[in-house]
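One structure is given below, encoded as structure tokens.
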Amino acid sequence: MIINIKTTINTALFALAIAFTIPAYANVPQQNHFTELDHIANDPARAEDNIQRNAFRHPAETLTFFGIEPQMSVLEVWPSKGWYTEILAPFLKAQGKLTLAQFSKDTDNFRNERNVFWAKISAKLEHYIAENPQRFGQVATLELEPPFLTPQVTDQFDMVLSFRNAHIWNEDGHLHATIETLFNALKPGGVMGMVEHRASRLSDISSSASVGYLDEAYVIAVAQSVGFQLVASSEINANPLDSKNYPKGVYTLPPTLAMGGQDKEYYLAIGESDRMTLKFIKPNE
């Protein structure tokens, strides 16, 4: 019998991470929904490109690590083209509720071309969801113009999820205030799950962060400063091949491939970025 040592080790590490994760959804028995999430993530209804990215984004492992439950009220922040939405909405549609925090559609308030671009992406995703109600169910929307949610919500969600957004808030000077807004939107005992591009760590007091990357200790400190408690961190989305030293920062790597055809195969071989995976809880008191 041939044993895949790498797979065995990875499975053991993942099981250990789950075992040491503190239950975050108060008064609800935690269950491992990995199988259901993995089935949804590999649904042929998803685009083939999206399914291929499962190898780098580990959605079933990540969401299981965060402790998601099908009856939760979940806020997904800036879902972009809906890569995670395609998994979250089917998982939550029967018992729970998914809300998307999208870009504002009020073009009079746009401050830059980036917002216009992402607003169009948001509108396209909403149209896609509306055309497929059997698959997605009823998905609600809010607007997030950092650092404000519109309408403002307090103590509403069981879980807030942010995938690769924090570096943008940091670049714009809104990281602390935006995380505070998300803290306020959570119910006491609620979870914030965050996946973010991870900078190189040089020492306990310094790091090297090229464009798009953030220092893990810095992100944790900011979240803790608004009241979050760090429950656990995981290496589920780590990528040791990522040197974090590229001409256009993290955007050099897939899926963006900002260098176009230049050294494309080289960057494809590296894969998507090295990422921190952090689970925070809003204390009950």
Side-chain angles (χ1 to χ4, degrees), residues 21-31 33 37 62-80 82 84-106 109 118-119 122 125-126 129-130 133 136-166 168-169 174-196 219 222-231 278-285:
T21 298
I22 299 173
Y25 187 44
N27 303 318
V28 175
Q30 295 291 291
Q31 300 181 37
H33 297 285
L37 290 164
T62 299
L63 293 172
T64 302
F65 173 73
F66 290 149
I68 196 167
E69 295 283 341
Q71 66 271 49
M72 281 182 168
S73 174
V74 177
L75 178 68
E76 184 188 2
V77 181
W78 280 3
S80 183
Y84 257 101
T85 309
E86 287 188 328
I87 302 168
L88 292 168
F91 180 75
L92 295 167
K93 70 177 183 178
Q95 302 177 59
K97 182 69 174 179
L98 177 63
T99 301
L100 306 179
Q102 297 275 44
F103 280 83
S104 171
K105 302 179 187 64
D106 185 355
N109 292 333
W118 285 111
S122 296
L125 175 59
E126 288 186 29
I129 292 170
F136 290 100
Q138 297 296 315
V139 178
T141 60
L142 300 172
E143 292 182 353
L144 175 62
E145 177 69 16
F148 303 111
L149 275 171
T150 305
Q152 181 179 348
V153 294
T154 303
D155 298 342
Q156 180 170 323
F157 298 102
D158 300 306
M159 180 174 284
V160 171
L161 297 172
S162 173
F163 301 101
R164 306 174 310 281
N165 299 311
I168 300 174
W169 305 334
H174 300 304
L175 180 61
H176 182 279
T178 302
I179 290 181
E180 185 173 30
T181 293
L182 300 180
F183 178 88
N184 292 334
L186 277 168
K187 297 175 183 177
V191 167
M192 179 174 73
M194 180 178 289
V195 177
E196 182 55 64
V219 173
V222 171
Q224 290 175 332
S225 73
V226 306
F228 276 113
Q229 293 179 358
L230 179 66
V231 176
L278 306 173
K279 179 178 180 177
F280 298 94
I281 189 171
K282 178 177 179 176
N284 283 305
E285 297 180 0

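Only this structure's heavy atoms are used, side chains among them; waters, hydrogens and symmetry mates stay out. It should be emphasised that the depicted structure is a prediction, and the values quoted were computed from it without experimental measurement.
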Would you say the side chain of Val74 lies within less than 4.5 Å of the side chain of Lys97, judging by non-hydrogen atoms? no

Using modelled atom types only, decide if a donor and an acceptor are shared between the side chain of Gln102 and the backbone of Glu143 within a distance under 3.5 Å. no

For the residue pair Thr64 and His33, confirm or rule out a side-chain donor-acceptor distance under 3.5 Å. no

Test item: Asp155 and Lys282 side chains (from C-beta on) under 4.5 Å apart, heavy atoms: yes

Does a side-chain heavy-atom distance below 4.5 Å link Phe228 with Leu278? no

Compare all side-chain heavy atoms of Thr178 with those of Asn165 and state whether any distance is below 4.5 angstrom. no

For the side chain of Lys279 and the backbone of Phe66, is there at least one donor-acceptor N/O pair under 3.5 Å apart? yes

Approximate separation, where rounding is to 0.5 Å, of His176 NE2 and Trp169 CH2: 13.5 Å

Quick check on Gln152: does its CD atom have over 12 non-hydrogen neighbours (other residues, nucleotides or ligands) under 6.0 Å away? no

If you define the side chain from C-beta out and look only at heavy atoms, does anything of Leu161 sit under 4.5 Å from Val77? no

Testing the basics here: between Leu149 and Ala101, what is the closest heavy-atom pair and its distance to 0.1 Å? CD2-CB, 4.0 Å

For a 4.5 angstrom cut-off between non-hydrogen side-chain atoms, does Phe136 reach Leu98? no

If every non-hydrogen atom of Val153 is compared with every non-hydrogen atom of Gln156, which pair is closest and at what distance? CG1-OE1, 3.2 Å

State, yes or no, whether a side-chain contact exists between Ile87 and Leu63 at a heavy-atom distance under 4.5 Å. yes

At their closest point, which heavy atom of Val160 faces which heavy atom of Phe157, and how far apart are they? CG2-CB, 4.5 Å

Using only atom types and a distance under 3.5 Å, with no angle test, would you say the side chain of Trp78 pairs donor to acceptor with the backbone of Ser122? no

Check the pair Leu125, Thr85 against side chain to side chain contact (heavy atoms under 4.5 Å, CB included), reporting the backbone distance first and the verdict last. CA-CA 9 Å; Leu125 175 59; Thr85 309; 4.2 Å; yes

Is a side-chain donor-acceptor pair under 3.5 Å present for Asn184 with Thr181? no

Would you please test Glu145 and Thr150 for side chain to side chain contact (heavy atoms under 4.5 Å, CB included) and show each step? CA-CA 8 Å; Glu145 177 69 16; Thr150 305; 6.0 Å; no

List the atom of Met72, the atom of Leu92, and the distance in Å for their closest heavy-atom pair. O-CD2, 3.8 Å

